[in-house]
Asker: 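My questions will all concern the structure given below.
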Amino acid sequence: MAIHTPLLRLLPLLLMLLPSPLRDYLSPARHELGGHGQLEARHPIIIFPGFSCSNLEARLTDDYTPSLPHCGALKGKGWFPLSTNPWDLVDHDYIPCFEEQMSLVYDPVLNDYRNRPGVETRVPNFGSAYGFSIKIDGATEYCFIKLNKKLEVLGYRDGDTLFGAPYDIRHAPPLPGQPSEVYSDYFGRVKDLVQHASEKNGNKRVILVGHSFGGMIAQEFVNSTTQEWRNKFIKHMVLIAPTPPTGLTEVVTNLASGPTVIILPKVTAIALRPMWRTFASSILSMPSPWVFGDKPLIITKHRNYTAYDYSDFLTALGFSNGLMPFMKRVLPKMKRIDAPMVPTTYLSGIGVQTPEQEVYMDGNFDVAPEHVYGDGDGSINLVSMLAFANELHRQHLESNIYFNFIKIEHATHSGIIVSDDSLKIVIAEIVRANW
Ligand SMILES: *[C@@H]1O[C@H](CO)[C@@H](O)[C@H](O)[C@H]1NC(C)=O
Ligand SMILES: *[C@@H]1O[C@H](CO)[C@@H](O)[C@H](O)[C@H]1NC(C)=O
């Protein structure tokens, strides 16, 4: 929506007629965001959604041997949604099949993960800012839906100026030089999408906006490109509560007692645990010893585990299979933080009770632990977020590249892009990233 200059005199009056979000950005108090041309000089945006948002489709070939006969019902029938509609899985008694078909296999020779034999997978709707969805009944504002609507009020359009880069949640970005078939393909597609978005918009540079795991992916993507490419195509990164490479306690809990980030009706976290542990993403973002030090993260009657004790801990969990990929693919990552080296805004909630230590008094990991809380955004521990942000700041400062860390009191990890108060700040920063 363009406001022509003669109309500017009428602006105060017109503002009262505008829908409130736009009014907020154009109102005199925020005149720095407003004005004619500002919205027209819009840079395309690519959204990297949070962990629970991306969908996966599967195709079963002749090589697939189902462990239960009805899991083979869709064999040879083409692509079908594997994770889009949780109730569908329940209604068709498909949960055990879902777990089997979602599971990955770690290949120690290739040092990479692949699907089980006869299972092919793909992430649908790549490119669309609505190409993913929350799987919880009634949570219709999550997964950027509400944020996208606000961007549309500012003139953004899906497929035109607004895009999305959903990913396969089971995989994890590799270290430089390490294989990941899935990520090689994904990063190639994101690169094409960035170039497409830029070309479609008069070669304007692109703003990458990532939430949570998606923030981490956006950052890893940028790091996989050359500085020359970044300078040419990336205008700004907006990282919203990104998963820090320095880790979070929640990851340990998910590994021990099953994922709280995959929510299926009538299914417990424990029931999803065997599947979860096959994912490359399950061992990513373990709390880093360089930040969490020798504070016990897991407390049991007979033995505590710190971030230095993961090999003992994985063994105690009965998950020694996780040791090799952890040592090869994850541990070296914990020691390094590579700043995006493009202008970056980092927003995060603080002042929310966040599990910091997990108490399994009886040493039984099959029950949900008792939490000892610290500060953070409800998921990400403050100590980790600060270590990450400080390091990004330091690296950017050294190269004189813009970096801004914005703490939002009481914004929760997923609420930060849903609740009106924090969303207003997030949108203002996305508008600012257009300058
Ligand atoms: C990130 O970029 C830096 C500088 O180009 C490079 O040294 C490093 O290997 C990259 N890291 C990753 C994870 O790709
Ligand atoms: C484990 O850590 C807790 C809390 O720091 C401490 O009170 C307890 O004595 C430790 N237990 C063992 C077995 O070291």
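Just follow the structure's listing: the first ligand is 1, and inside any ligand the first atom is 1.
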Asker: For D112, check salt bridge (Lys or Arg N to Asp or Glu O under 4.0 Å) against everything at least two apart and list the hits.
Answerer: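 D112 satisfies salt bridge (Lys or Arg N to Asp or Glu O under 4.0 Å) with no residue once adjacent residues are dropped.
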Asker: If the threshold is 4.0 Å, N to carboxylate O, is there a salt bridge linking R122 and D168?
Answerer: no
Asker: Going by the rule ring-ring contact (aromatic ring centres under 6.0 Å, His included), which residues pair with H393 if we only count those two or more places apart in sequence or in a different chain?
Answerer: F403
Asker: State whether the side chain of Q101 and the backbone N or O of C71 hold a donor-acceptor pair below 3.5 Å, judged by distance alone.
Answerer: yes
Asker: Filter the ligand 2-protein atom pairs down to N or O on both sides and distance under 3.5 Å, then list them.
Answerer:
unit_1, atom_1, unit_2, atom_2, d
ligand 2, 2 (O), N304, ND2, 2.3
ligand 2, 11 (N), N304, ND2, 2.9
ligand 2, 14 (O), N304, ND2, 3.4

Asker: Side-chain contact, heavy-atom cut-off 4.5 Å: F365 with I270?
Answerer: no
Asker: Suppose we screen for side chain to side chain donor-acceptor pair (under 3.5 Å). Which residues come up paired with T306, at least two apart in sequence or across chains?
Answerer: D309
